[in-house]
J.: 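Take a look at this one; I'll ask things after.
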Amino acid sequence: MLDIKLIRENPEMVRANLERRHQPEKLELLQQVADADKRWRELTAQVNGLRKRRNDVSQEIAQAMKAGKDASSLKAEASRIPDEINAHESELEAKQAFVKNGLMRLPNLLHESVPYGKDDKDNVVVKVWGEPPKFGFSPSSHAELSQSLGIADFERAAKVTGTGFYYLRNEMALLDYSIMRYAMDLLLSRGYSLIEPPYMIRRSFYEGVTDLGDFENVMYRIEDSENLKDPLYLIATSEHPMGAMLKDEILNADQLPIKMCGVSPCFRREIGSHGKYTKGIFRVHQFNKIEQFIFCLPEQSWELHEELQRNSEALYEGLGLHYRVVNVCTGDIGSIAAKKYDMEAWMADGEFREVGSNSNCTDYQARRLNTRYRMKEGQAPAGFVHTLNNTAIATSRTMIMIMEQYQQADGTIKVPKALQKYMGMKTIEGKLNKMKI
RNA sequence: GCCGGGGUAGCCAAGCGGACUACGGCGCCAGUCUUGAAAACUGGUGCUCCUUGCGAGCCCAUGGGUUCGAAUCCCAUCCCCGGCGCCA
């Protein structure tokens, strides 16, 4: 959420930002918000004047009654004022709601280092690590490999829950947990606190961490929520419960930065098919993820954004996986990020696909969450904190990378050295407690 | 789930229809004093608007209601604490 004062005092800056983002449709919204805010201020002045009259007359009534005088004519006058106030109040509330809603829908200000561009084709590759594996055979997709090894069952998952789900078996289930444990150990060693969050959170908290428009498309709602006005939703990432954790709180500067590493399954209704790489576990309704999340002082966030990036890169490099990093351009970046790096991994068909993203949300998310900081105990809040979030590892997509990059001619898969101690094996051969179904 | 007790500013806490302009304390900020600090003393300490003023409005968990007037009375909802019940 942007600060309304920025729109009052520096609308040109907000306008230029929308143009850089290629969101001309939002220019009109910006103007509407500015107009509604102006009207809100006029109405506020009028209504406050009426409220003052009401308060004054009520005081006179009190004094008259204390003096034993008749106050009935004053009462008659006073009883007319609430109607006048009500006549304006509904418009006042409507304008206020419009401004708030508009502010929620205007995107964050971009950092100057975000490359200008129209769509994902204009993202700028800033790093390439490793090389594509050289196979003396035609490589298979992870979907084919997992089926032939008998370590995943997509047909029965489709039967039971519909498309977009999976049963992992034996080595692949172990691989899932091994990747999580590997990522947890690395981030713990770098000082991040490990968090297992609630897997569902209330809607009112969700509004603080993400876009309102995402709800009905992306999130699963729990029908049986006890409080129907504020129902529970399954989390789409542990970023959300971690962000919501400090809603309406004020942190002391010496408590910051707060660095967390969340572990949880993620639930998403919208998995977008459109013929894009739909086989296997690339796009699914449920997957496990280790997520990094930071609350920090404004002056710390750009340095920490790079730290998060180094952590992600260390995780993939430790697994020996070929990847690249792109600086997401102005036309492709999400609305809450001021700057975003995407991690893209090489897959067996020779394409790079997104496996994680790293965003500095500056104060945009914190303003929605109302998470502030003060320089010292007892002092008034000095401003909003900055928040950052970064996929450390999404196990589903990391499994794809490992299976497709470490496959061998006989259809088995080498286990990256760093995972062998967690897996208890050096090669995935599909022999562990093999199921005859 | 049931029965009690609660939710007041950064924190603690009083108030329980009309001087509440929300008492008091702690913390914090500024000033006086001091070589400096502490102590002491004085003033300030939430949000919004603009005509920036000893200006006005708002704020007592949240949303409604009663009233000329609500922190205070009524209704609904949420949350916390204690006890009982249920339970991996």
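Order of the sequence lines sets the chain letters (A, B, ...), proteins ahead of strands, with each chain counted from 1. From a predicted model like this one, the values you see are computed outputs, not experimental measurements.
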J.: Taking the C1' atom of each, how far is rC41(B) from rC33(B), in whole Å?
T.: 9 Å
J.: Grab the CG-P distance between N370(A) and rG46(B) for me, whole Å please.
T.: 15 Å
J.: Just grab all the ring-ring contact (aromatic ring centres under 6.0 Å, His included) pairs involving residues 45-92 of chain A, residues at least two apart or on different chains.
T.: none
J.: Write down the distance separating the P atoms in rA19(B) and rA70(B), rounded off to the nearest Å.
T.: 13 Å
J.: Name the one of K100(A), K95(A), R8(A) that satisfies salt bridge (charged side-chain N to carboxylate O under 4.0 Å, His left out) with D37(A)?
T.: R8(A)
J.: How far, in whole Å, is rA71(B) from rG65(B) if one measures between their P atoms?
T.: 15 Å
J.: Can you sort out the partners of R190(A) under salt bridge (Lys or Arg N to Asp or Glu O under 4.0 Å), two or more places apart, ordered by chain and number?
T.: none
J.: Would you kindly compare V57(A) and R374(A) by the position of their nearest RNA chain B nucleotide and give the one closer to the 5′ end?
T.: R374(A)
J.: Taking E89(A) first and then R51(A), would you say they form a salt bridge - that is, a charged N and a carboxylate O separated by under 4.0 Å?
T.: yes
J.: Give the B/S/- string for nucleotides 49-64 of chain B, one per nucleotide from 5' to 3', where a protein heavy atom under 4.0 Å of the base yields B, of only the sugar-phosphate yields S, and otherwise -.
T.: SS-----SSS------
J.: Would you check if the distance from the ring center of F165(A) to the ring center of Y167(A) is below 6.0 Å?
T.: no
J.: So that I know where these two stand, are H305(A) and Y341(A) an aromatic pair - ring centroids less than 6.0 Å apart?
T.: yes
J.: So what stems show up for RNA chain B if we need 3 or more Watson-Crick or G-U pairs in a row, all under 3.5 Å?
T.: B:1-7 with B:78-84, B:10-12 with B:24-26, B:27-32 with B:40-45, B:46-49 with B:55-58, B:61-65 with B:73-77
J.: Rounding to an integer number of angstrom, what distance separates rG83(B) and rG69(B) when you compare their C1' atoms?
T.: 41 Å
J.: Does I250(A) or R372(A) map to a spot on RNA chain B nearer the 5' end, using the closest nucleotide for each?
T.: I250(A)
J.: Summarise protein proximity over nucleotides 19-32 of chain B in one line of letters, 5' to 3': B for base, S for sugar-phosphate only, - for none, counting protein heavy atoms closer than 4.0 Å.
T.: B-------BSS---
J.: If I pick the P atom on rC80(B) and the same atom on rC68(B), what distance separates them, to the nearest angstrom?
T.: 38 Å
J.: What's the gap between rU72(B) and rA9(B) when it is taken at their P atoms, as a whole Å value?
T.: 15 Å
J.: Salt bridge check: are E307(A) and K259(A) linked by an N-O gap of less than 4.0 Å?
T.: yes
J.: Please report the distance separating the C1' of rC16(B) from the corresponding atom of rC73(B), rounded so that it comes out in whole Å.
T.: 10 Å
J.: Please work out if A78(A) contacts a base, only the sugar-phosphate, or nothing of the nucleic acid, heavy-atom cut-off 4.0 Å.
T.: sugar-phosphate
J.: Does the N108(A) side chain pair with the main chain of I336(A), one donor and one acceptor, at a distance under 3.5 Å?
T.: yes
J.: Is a side-chain donor or acceptor of R269(A) paired with a backbone partner of H285(A) at a separation under 3.5 angstrom?
T.: no
J.: Between R39(A) and E91(A), is there a salt bridge with N-O shorter than 4.0 Å?
T.: yes
J.: Strictly below 4.0 Å, N to O, side chains only: are D56(A) and R53(A) in salt-bridge contact?
T.: no
J.: Distance between the C1' atoms of rG63(B) and rC54(B), in whole angstroms?
T.: 36 Å
J.: Rounded to whole angstrom units, what separation is found between the CG atom of D248(A) and the C1' atom of rC79(B)?
T.: 13 Å
J.: Could you work out, with salt bridge (Lys or Arg N to Asp or Glu O under 4.0 Å) as the rule, every residue matching R15(A), not counting sequence neighbours?
T.: none
